[in-house]
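I have placed the structure first, in the form of structure tokens, so that the comments after it can refer back to it.
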Amino acid sequence: MRTANVRTIVIWSLVALVGAVGWAVLALARGEDVSAAWMVAAALGSYAIGYRFYAKFIAYKVLKVDKTRATPAERLNNGIDFHPTDRRVLLGHHFAAIAGAGPLVGPVLAAQMGYLPGTIWIIVGVIFAGAVQDMVVLFFSTRRDGRSLGQMAREEIGPFGGAAALLAAFAIMIILLGVLALVIVNALAQSPWGTFSIAMTIPIALLMGFYLRVLRPGRVAEVSLIGVALLLFALVSGRWVAESSWADTFTLAPSTLVIWLVAYGFIASILPVWMLLAPRDYLSTFMKIGTILLLALGVVIALPTLKMPAVTDFASRGDGPVFAGSLFPFVFITIACGALSGFHSLISSGTTPKMIQKETQVRMIGYGSMLMESSVAIMALVAASIIDPGLYFAMNAPSGVIGTTVENASQVVGSWGYQITPAELAKAAQDVEESTLLSRTGGAPTLAVGVSQIFSEVTGGSLKAFWYHFAIMFEALFILTALDAGTRVGRFMLQDTLGNIYRPFKNVSWKPGLIITSAIVCGLWGYFLWVGVHEPLGGINQLFPIFGISNQLLAAVALAVCTTLLVKSGRLKWAWITGVPLVWDATVTLTASWQKVFSSDPKVGFFKQRQVFQDAIDRGEVLAPAKSMDDMRTVVTNSTVDGVLTGILALLIVVVIVDATRVCVRHVRRPALSTLSEAPYVESKIVAPAGLIPTREEKEEERDAVGSGTGS
């Protein structure tokens with residue numbers, strides 16, 4: 001055996017050992033202090049093993065990625081939507097596009113059940129479900145000229161199941177975009193620091209795009225240094241602006257932010273992808289990954305203790321103040337994007353397959369990006385679990401439950417078994433320069449408090465307020481990159497759908513079509529956002545409760561399409577790779593859908609909630625969160641709409657799964673009846689590495705290609 005092989009075995013054995021020890025401590029330690037560093041160790045060790053072995057097995061053994069096959073970015077390159085993009089830039093774009101509110105907010109809310117259930121699902125779920133879905137969808141879409149998920153379902157499953165998939169995917173996409181936009185508005189409203197810094201990323205991205213396209217093509221390292229330097233300057237100067245006479249200029253009302261967001265989404269959707277979308281997402285990735293790496297390093301240095309119990313009583317009782325429902329199925333629905341996300345499948349079948357240089361890069365970009373997002377979710381769970389549980393529940397329980405004073409909140413939280421004094425609650429708010437932290441629901445403020453606590457411990461207990469406001473701004477930037485890419489993907493989906501009626505729409509770069517569909521997509525999510533901003537119980541607020549379920553239902557569509565394609569393409573023995581996650585996701589999500597529609601608990605079931613509020617209206621009584629009879633009627637309407645929509649979406653997904661099963665069974669029995677819409681093979685002229693760091697063989701190939709004038 002060669003020395004190199006022995007070294008490799010030793011290294012990977014040590015990686016596996018670190019992960020195993022981390023898991024053992026998290027699972028077995030009870031009644032003693034557990035460092036958050038063990039959670040980081042379990043995650044990183046598991047991610048490394050999953051990427052090195054499982055992802056490589058799927059890419060090369062199952063999918064059989066072919067580096068000699070030209071991708072649609074190479075064959076259909078038009079400089080608008082199809083454009084071969086350097087793997088490093090594309091990795092940044094893809095990660096930024098998929099990493100929205102979910103991995104930041106979901107794990108924070110799920111901490112209500114304790115740190116252990118969330119940790120298990122985030123890590124195990126991403127390795128065997130979420131990252132697999134993203135990579136396999138990206139591969140099959142790349143083989144089909146970058147077709148959208150809904151269009152692939154229509155072509156491979158059939159018109160009936162495909163129509164259900166198209167309708168469900170587009171409706172869910174609008175809901176997801178509206179929710180993402182609302183989180184951004186809430187984060188940036190009245191925040192001149194965040195608004196200025198994020199606004200500055202747009203001209204910086206345009207400069208980077210032209211630098212790579214016109215001034216210095218291929219000089220990714222140069223443009224990265226320039227972009228990072230300018231980004232850091234924008235972050236620092238944002239605080240200066242907030243403390244200057246310019247503060248009023250960048251202190252925007254929510255309604256003004258809505259207009260700017262819609263305008264930005266429309267422009268980002270129609271401009272050439274190399275000009276704004278890809279460089280801006282790549283730029284934001286430096287801040288995202290940089291912050292998460294610093295957070296992980298801070299955990300290792302400060303070694304904060306996990307103060308939240310491994311499993312809380314709320315996990316079994318299902319009556320938690322943050323969200324109602326039992327551990328199964330609602331932890332998996334709440335965490336969503338950190339482990340498995342249907343939204344990702346839209347990016348993997350949207351912008352990314354039209355930009356990827358080589359099929360061999362699907363492992364790094366599809367699987368690798370999802371592991372990066374999962375690491376974000378783990379750090380969010382760490383941040384929520386290291387703060388005092390009493391503060392956690394005081395921040396995340398609604399005011400209707402804990403009241404509006406620190407004295408009342410302290411008493412109510414204490415009745416749940418988590419002691420915190422009024423003075424401690426007041427000091428926590430004072431430390432981050434906020435008037436109060438009570439009922440700061442939604443997860444983002446809790447994450448910011450946890451981040452500020454870790455960073456301030458590293459810096460000697462100072463700058464807690466600075467780090468808190470930095471984290472709030474960081475979250476807004478994190479989410480905005482998913483909004484612009486999502487709008488473009490929504491445009492692709494609508495073009496694919498309309499292309500079945502009017503063929504010119506099939507050409508996604510046809511200018512009249514892209515302008516019309518971009519306007520429609522922005523108009524739809526913009527409308528729901530506008531109403532939601534002006535009516536606390538209306539617009540996108542009305543659809544917010546079905547955000548998690550919608551996302552996971554979409555994942556079921558993606559996994560059903562992937563399983564069907566594995567079967568039809570002669571990979572029946574490997575269909576379990578997406579089939580098992582499909583069964584799990586469908587079981588969890590359909591169970592949650594059933595409970596949300598028909599549960600007799602008004603905190604869980606939409607129709608039961610409707611009945612309770614309608615009965616109160618009949619009695620002339622006003623119930624929280626309503627403040628008037630008009631609000632009461634709005635709650636009744638919202639509950640009805642949410643219940644009906646949840647039922648319809650669940651039914652559409654059942655149709656897709658049943659139709660996909662029919663197609664798979666038919667193929668197994670009579671393979672000759674099946675057809676694949678895969679694009680014909682064309683030999684690639686591009687030479688590019690499969691991973692971030694080229695191998696020795698890849699370096700030699702690049703040198704030979706440059707010498708012959710055929711390099712990328």
Side-chain angles (χ1 to χ4, degrees), residues 51 55-56 58-60 63-98 131-149 151-152 209 212-213 217-218 220 272-274 277-279 281-282 285 344-373 485 488-489 492 508-509 558 562 565 678-694 698 701-702 705 711-712:
Y51 182 80
K56 189 173 183 179
I58 295 174
Y60 290 94
L63 302 179
K64 296 181 179 178
V65 293
D66 185 356
K67 69 178 182 180
T68 70
R69 188 185 187 109
T71 64
E74 180 179 359
R75 290 186 292 103
L76 306 174
N77 183 9
N78 60 13
I80 300 176
D81 296 311
F82 293 90
H83 177 66
T85 304
D86 185 282
R87 68 198 185 285
R88 293 160 292 187
V89 176
L90 185 57
L91 176 67
H93 158 73
H94 185 80
F95 168 70
I98 66 173
V132 173
Q133 171 207 259
D134 292 11
M135 176 171 66
V136 176
V137 169
L138 176 57
F139 171 79
F140 282 126
S141 180
T142 300
R143 282 279 176 100
R144 285 157 179 77
D145 291 341
R147 286 280 189 269
S148 68
L149 177 68
Q151 189 63 22
M152 284 197 293
L212 275 179
R213 176 82 172 186
V220 177
V273 71
W274 60 265
L277 189 68
D281 289 353
Y282 177 59
T285 296
H344 297 185
S345 67
L346 303 182
I347 304 297
S348 290
S349 61
T351 55
T352 307
K354 299 176 179 65
M355 301 162 67
I356 194 167
Q357 291 175 314
K358 308 292 288 184
E359 279 190 4
T360 48
Q361 295 170 354
V362 299
R363 174 179 169 227
M364 176 187 71
I365 293 170
Y367 200 98
S369 291
M370 184 53 189
L371 291 184
M372 290 160 62
E373 172 160 356
R488 198 179 191 98
V489 171
F492 291 151
V508 293
S509 299
C562 289
L565 284 168
E678 191 173 282
Y681 174 90
V682 174
E683 185 176 357
S684 175
K685 306 297 182 186
I686 292 178
V687 177
L692 277 179
I693 302 174
E698 288 173 337
E701 287 180 0
E702 285 190 304
S712 61

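Keep in mind it's a predicted model, so treat the numbers as computed, not measured.
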Problem - Close side-chain approach of V65 and F139, heavy atoms under 4.5 Å - result: yes
Completion exercise
dist F492:CZ -> L346:CG (nearest 0.5 Å) comes out at 12.0 Å
Exercise for the section: Using modelled atom types only, decide if a donor and an acceptor are shared between the side chain of S141 and the backbone of V137 within a distance under 3.5 Å. Expected result: no
Practice task
Report the residues that fulfil salt bridge (charged side-chain N to carboxylate O under 4.0 Å, His left out) with R144, sequence neighbours left out, ordered by chain and then residue number.
Solution key: E156
Practice task
With sequence neighbours left out, write down each residue that passes salt bridge (charged side-chain N to carboxylate O under 4.0 Å, His left out) with R143, or none if nothing qualifies.
Solution key: E359, E678
Exercise for the section: Give a yes-or-no answer on whether the side chains of T351 and H93 include a donor-acceptor pair shorter than 3.5 Å. Expected result: yes
Problem - Test item: W274 and M355 side chains (from C-beta on) under 4.5 Å apart, heavy atoms - result: no
Handout entry: Intermediate values then yes/no, side-chain contact (heavy atoms from CB on, under 4.5 Å), I58 and M135
Key = CA-CA 9 Å; I58 295 174; M135 176 171 66; 3.4 Å; yes
Exercise for the section: Determine whether S369 and I98 make a side-chain contact, defined as any pair of heavy atoms from C-beta on separated by less than 4.5 Å. Expected result: yes
Practice task
Mind checking the CD1-CD1 spacing from I356 to I365? Nearest 0.5 Å is all I need.
Solution key: 4.0 Å
Handout entry: Gap between atom OG1 of T142 and atom CG of L63 - 0.5 Å precision
Key = 10.5 Å
Practice task
Any chance you could measure E683, atom CD, to D66, atom CG, to the nearest 0.5 Å?
Solution key: 9.5 Å
Fill in the blank from the handout: Residues passing the salt bridge (charged side-chain N to carboxylate O under 4.0 Å, His left out) test with R488, sequence neighbours excluded, are D81
Exercise for the section: State which residues pass side chain to side chain contact (heavy atoms under 4.5 Å, CB included) with S148; sequence neighbours excluded, sorted by chain then number. Expected result: Q151, M493, D496
Handout entry: Under 3.5 Å side-chain donor-acceptor pair for H94 and T352
Key = yes
Practice task
Identify the heavy atoms of C562 and V136 that sit nearest to each other, and give their distance.
Solution key: SG-CG1, 3.6 Å
Practice task
May I ask you to test the L212-P279 pair for a side-chain heavy-atom distance under 4.5 Å?
Solution key: no
Handout entry: pair R87-P694: side-chain heavy atoms closer than 4.5 Å
Key = yes
Fill in the blank from the handout: Taken to the nearest 0.5 Å, the spacing of F140 CZ from L565 CG works out to 5.0 Å
Handout entry: Intermediate values then yes/no, side-chain contact (heavy atoms from CB on, under 4.5 Å), T85 and Q357
Key = CA-CA 6 Å; T85 304; Q357 291 175 314; 5.7 Å; no
Fill in the blank from the handout: For A59 and R363, the nearest pair of non-hydrogen atoms, with its separation, is CB-CB, 4.2 Å
Exercise for the section: Return the set of residues passing salt bridge (charged side-chain N to carboxylate O under 4.0 Å, His left out) with R88 (not counting sequence neighbours), or none when no residue passes. Expected result: D86
Completion exercise
Rounded to the nearest 0.5 angstrom, the NZ-OG1 distance for K354 and T71 is 12.0 Å
Exercise for the section: Provide the closest heavy-atom pair for P72 versus G146 in the form atom of the first, atom of the second, distance. Expected result: CG-N, 4.0 Å
Completion exercise
Only residue of R69, R75, E74 satisfying side chain to side chain donor-acceptor pair (under 3.5 Å) with S684 is E74
Practice task
Report the C-alpha distance between Y60 and T360 in whole Å, list the side-chain angles of each, state the deciding distance to 0.1 Å, and finish with yes or no for side-chain hydrogen bond (donor to acceptor under 3.5 Å, both in side chains).
Solution key: CA-CA 8 Å; Y60 290 94; T360 48; 5.3 Å; no
Handout entry: Contacts of type side-chain hydrogen bond (donor to acceptor under 3.5 Å, both in side chains), residue R147, not counting sequence neighbours
Key = E155
Problem - Contact summary for S349 and S345, nearest pair of heavy atoms - result: OG-O, 2.7 Å
Handout entry: Closest non-hydrogen atom pair between A558 and L149, with its separation
Key = CA-CD1, 3.8 Å
Problem - SB check E698 K358 (cutoff 4.0 Å) - result: no
Problem - Non-hydrogen atoms of L76 and F82 that approach each other most closely - result: O-CB, 3.3 Å
Problem - Side-chain touch Y367/L138, heavy atoms, less than 4.5 angstrom - result: no
